[in-house]
Colleague: 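Below you'll find the structure I mean.
Here is the naming used below: chain letters follow the sequence lines, and residue numbers restart at 1 for every chain. It should be emphasised that the depicted structure is a prediction, and the values quoted were computed from it without experimental measurement.
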2 protein chains.
Amino acid sequence: METLFRSDVALGLPLYREVKHKLMEALRDGEWKPGETIPAEKRLCERFGVSVGTLRKAVDELTAENILIRHQGRGTFVASHSQDRYMFGFFHICPKVGHKEYPTVEFISLEKEKADGDSARRLGIGKGTRVVRIINRLSLGGKAAIIDDILLPERYFGGMTADQVRERHTTLYQLYQDEFGVAVLRTEERLEACGANEQIAGLLGIDEGTPLLHIVRRAMTFRDEVVELRHSYVITSDYEYYAGEEAMRVGE
Amino acid sequence: METLFRSDVALGLPLYREVKHKLMEALRDGEWKPGETIPAEKRLCERFGVSVGTLRKAVDELTAENILIRHQGRGTFVASHSQDRYMFGFFHICPKVGHKEYPTVEFISLEKEKADGDSARRLGIGKGTRVVRIINRLSLGGKAAIIDDILLPERYFGGMTADQVRERHTTLYQLYQDEFGVAVLRTEERLEACGANEQIAGLLGIDEGTPLLHIVRRAMTFRDEVVELRHSYVITSDYEYYAGEEAMRVGE
DNA sequence: CAGTGGTCTAGACCACATT
DNA sequence: ATGTGGTCTAGACCACTGT
């Protein structure tokens with residue numbers, strides 16, 4: 001196939017990366033929504049003027065990043081947030097003995113605040129920018145085990161109300177997706193140990209100073225823009241944090 | 001190309017997975033040692049009787065798992081443990097502010113013991129099996145920050161001596177590789193918060209009960225056999241654990 | 001220069017899902 | 001039967017590395 005010009009943004013990039021970039025743009029622009037199929041490979045090849053192999057290499061990378069999901073015989077789908085996906089890819093707490101279970105979520109509060117310096121830096125916004133702050137209590141095995149302290153930039157989540165958060169029967173990431181059109185694509189987590197302060201101890205019904213796992217999670221959407229900053233405080237007497245590939249482990 | 005029979009272990013597996021399996025076997029058998037190049041793609045295609053595309057797909061997976069490393073123009077190399085690789089892929093503690101630094105390691109003790117029930121289970125060996133136990137103290141920024149309590153099955157590390165561990169100027173994984181022919185291919189980590197007990201507090205020079213990050217790491221070699229069980233106790237006032245893909249993050 | 005891996009093509013056939 | 005993704009081939013050309 002004769003290649004005359006290769007796109008306006010081809011800075012020596014391999015062709016399949018250009019294609020990947022264009023797919024990302026289309027996804028970001030909402031051309032295909034979460035849960036929908038994208039066009040068949042053959043059609044996409046025509047659209048981008050590349051061969052199957054090249055198109056597949058672009059899609060390969062997007063599936064490896066859990067942005068697209070392929071189903072043989074059915075099509076290629078835009079990844080959608082669900083309870084299962086949350087458990088598999090974003091919730092890293094599991095019991096030391098026994099099987100992983102979904103936490104019971106109890107809404108505590110929703111407030112509008114101004115971001116302090118540290119939060120603003122982590123969110124990539126200016127200090128003092130307005131944010132939504134949500135506090136939840138999560139229970140595992142019937143016992144309060146985790147406090148989630150969540151900050152959301154108003155830019156993405158302006159009209160969020162307490163009722164929206166309280167009445168939902170989905171994960172928060174589904175709420176972001178369905179009500180605000182925000183797709184969480186990946187997260188990054190940093191962990192430390194801390195002693196429970198007065199507020200957390202009260203919410204969890206434990207003694208002040210009890211060792212807790214403190215997780216700082218940043219959730220990113222397209223272009224690596226941060227859309228959520230979450231502090232989780234976890235009682236780790238019966239549960240632990242699992243750092244694993246989860247994905248891969250395919251076969252020898 | 002005419003395919004008559006496809007290997008003795010072809011249980012409906014794709015051809016490229018068979019090839020991957022055979023490459024793994026050759027690596028496990030030491031046909032190519034860490035740091036060496038494996039034969040050029042063309043030669044491997046002849047050896048396995050497959051086309052380049054198929055061979056490449058097998059090698060792609062092995063490079064994604066950090067078992068092989070490709071260098072354009074130079075060849076494909078068997079991954080070898082080095083200080084840099086340890087920092088990049090296995091040492092997940094970094095300062096809350098500033099750049100990642102390599103820890104100073106101080107040898108505390110090496111003993112031969114019998115594995116208790118919990119350790120034996122995690123190592124995949126029988127209770128009471130003999131193991132080597134190493135304790136190290138790691139310092140960051142000049143201050144003691146981590147205690148490593150390491151268990152190694154005697155099956156792999158029988159003749160290990162305190163001098164071997166004390167006198168080395170490499171990472172432990174390099175020692176496993178160079179002196180015992182054991183290749184650590186991947187690790188799995190579980191984290192919890194705990195209060196420092198008397199022994200750990202003493203070794204770290206902190207108060208008993210200080211909240212610490214407790215990391216339980218299992219290191220695996222070929223066939224997912226566990227070759228190391230490591231308990232790390234980390235002071236997280238200035239440092240934190242980073243859970244990240246590290247790899248990927250390739251490009252939009 | 002020769003040799004290596006990196007990209008790309010064009011097309012065949014297979015396996016699976018749906019109609 | 002049709003359409004989807006999954007595998008595989010055979011070969012071309014490019015980019016990088018070392019001699």
Colleague: Could you state the atom-to-atom distance from OH of A:Tyr16 to C1' of D:dC13 in whole Å?
Modeller: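 It is 16 Å, rounded to the nearest whole Å.
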Colleague: Between D:dG11, D:dG5, C:dG11, spot the one nearest the side chain of A:Ala40, thanks.
Modeller: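 Nearest nucleotide to the side chain: D:dG5.
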Colleague: Quick one: B:Arg56 CZ to D:dG6 P, roughly how many Å, whole number?
Modeller: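 Taking atom P of D:dG6 as the reference, CZ of B:Arg56 is at 20 Å.
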Colleague: So, using side-chain hydrogen bond (donor to acceptor under 3.5 Å, both in side chains) as the criterion, who are the partners of B:Arg121 when residues are at least two apart?
Modeller: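 Testing B:Arg121 for side-chain hydrogen bond (donor to acceptor under 3.5 Å, both in side chains), a comparison that skips the adjacent residues, returns B:Asp118.
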Colleague: Round to the nearest Å and state the distance from B:Ile38 atom CD1 to C:dT4 atom C1'.
Modeller: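 One finds 12 Å between C1' of C:dT4 and CD1 of B:Ile38, rounded.
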Colleague: Taking only N and O in the side chain of B:Thr54, is any of them less than 4.0 Å away from OP1 or OP2 of D:dT9?
Modeller: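 It does, given that an N or O in the side chain of B:Thr54 lies less than 4.0 Å from OP1 or OP2 of D:dT9.
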Colleague: Hey, does A:Lys57 reach any base, or is it just sugar-phosphate, or nothing, if we go heavy atoms under 4.0 Å?
Modeller: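 Sugar-phosphate, no base atom in range.
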Colleague: Which whole-number value in Å describes the distance from A:Leu55 CG to D:dG6 C1'?
Modeller: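 For the pair A:Leu55 CG and D:dG6 C1', the rounded distance is 14 Å.
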Colleague: Excluding sequence neighbours, so at least two apart, what forms salt bridge (Lys or Arg N to Asp or Glu O under 4.0 Å) with A:Arg217?
Modeller: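 Counting only residues at least two positions away or on another chain, A:Arg217 forms a salt bridge (Lys or Arg N to Asp or Glu O under 4.0 Å) with A:Glu189.
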Colleague: Could you work out, with salt bridge (Lys or Arg N to Asp or Glu O under 4.0 Å) as the rule, every residue matching A:Arg190, not counting sequence neighbours?
Modeller: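 Partners of A:Arg190 by the salt bridge (Lys or Arg N to Asp or Glu O under 4.0 Å) criterion, ordered by chain and then number, come out as A:Glu188, B:Glu240.
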Colleague: Please report the distance, rounded to the nearest Å, between CG in B:Leu44 and C1' in C:dG3.
Modeller: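 B:Leu44 atom CG is separated from C:dG3 atom C1' by 14 Å.
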Colleague: What residues, two or more places apart in sequence or in another chain, satisfy side-chain hydrogen bond (donor to acceptor under 3.5 Å, both in side chains) together with A:Gln72?
Modeller: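 Checked A:Gln72 against side-chain hydrogen bond (donor to acceptor under 3.5 Å, both in side chains); zero matches.
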Colleague: What is the distance, to the nearest angstrom, from the CD atom on B:Glu41 to the P atom on C:dT7?
Modeller: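 So the two atoms are 11 Å apart, to the nearest Å.
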Colleague: For B:Asp60, give me all partners under side-chain hydrogen bond (donor to acceptor under 3.5 Å, both in side chains), at least two apart in sequence or on another chain.
Modeller: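 Testing B:Asp60 for side-chain hydrogen bond (donor to acceptor under 3.5 Å, both in side chains), a comparison that skips the adjacent residues, returns B:Arg70.
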Colleague: Rounded to whole Å, please give me the gap between CZ in A:Arg43 and P in D:dT4.
Modeller: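 Going from CZ in A:Arg43 over to P in D:dT4 covers 6 Å.
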Colleague: When you measure from the side chain of A:Lys100 to the backbone of A:Phe91, do you find a donor-acceptor pair of N or O atoms at a distance under 3.5 Å?
Modeller: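 Side chain of A:Lys100 to backbone of A:Phe91, a donor-acceptor pair under 3.5 Å: yes, one is there.
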Colleague: Residues from residues 70-81 of chain A sitting under 4.0 Å of DNA chain C, heavy atoms only?
Modeller: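 Those residues whose heavy atoms fall under 4.0 Å from DNA chain C, taken from residues 70-81 of chain A in numerical order, are A:Gln72, A:Gly73, A:Arg74.
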Colleague: Would you kindly give the CD-to-P distance between A:Glu18 and C:dT9, to the nearest whole Å?
Modeller: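 Answer to the nearest Å: 11 Å.
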Colleague: Verify the ring-centre separation between A:His81 and A:Tyr176: is it less than 6.0 angstrom?
Modeller: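 Not close enough - the centres of the two rings lie 6.0 Å or further apart.
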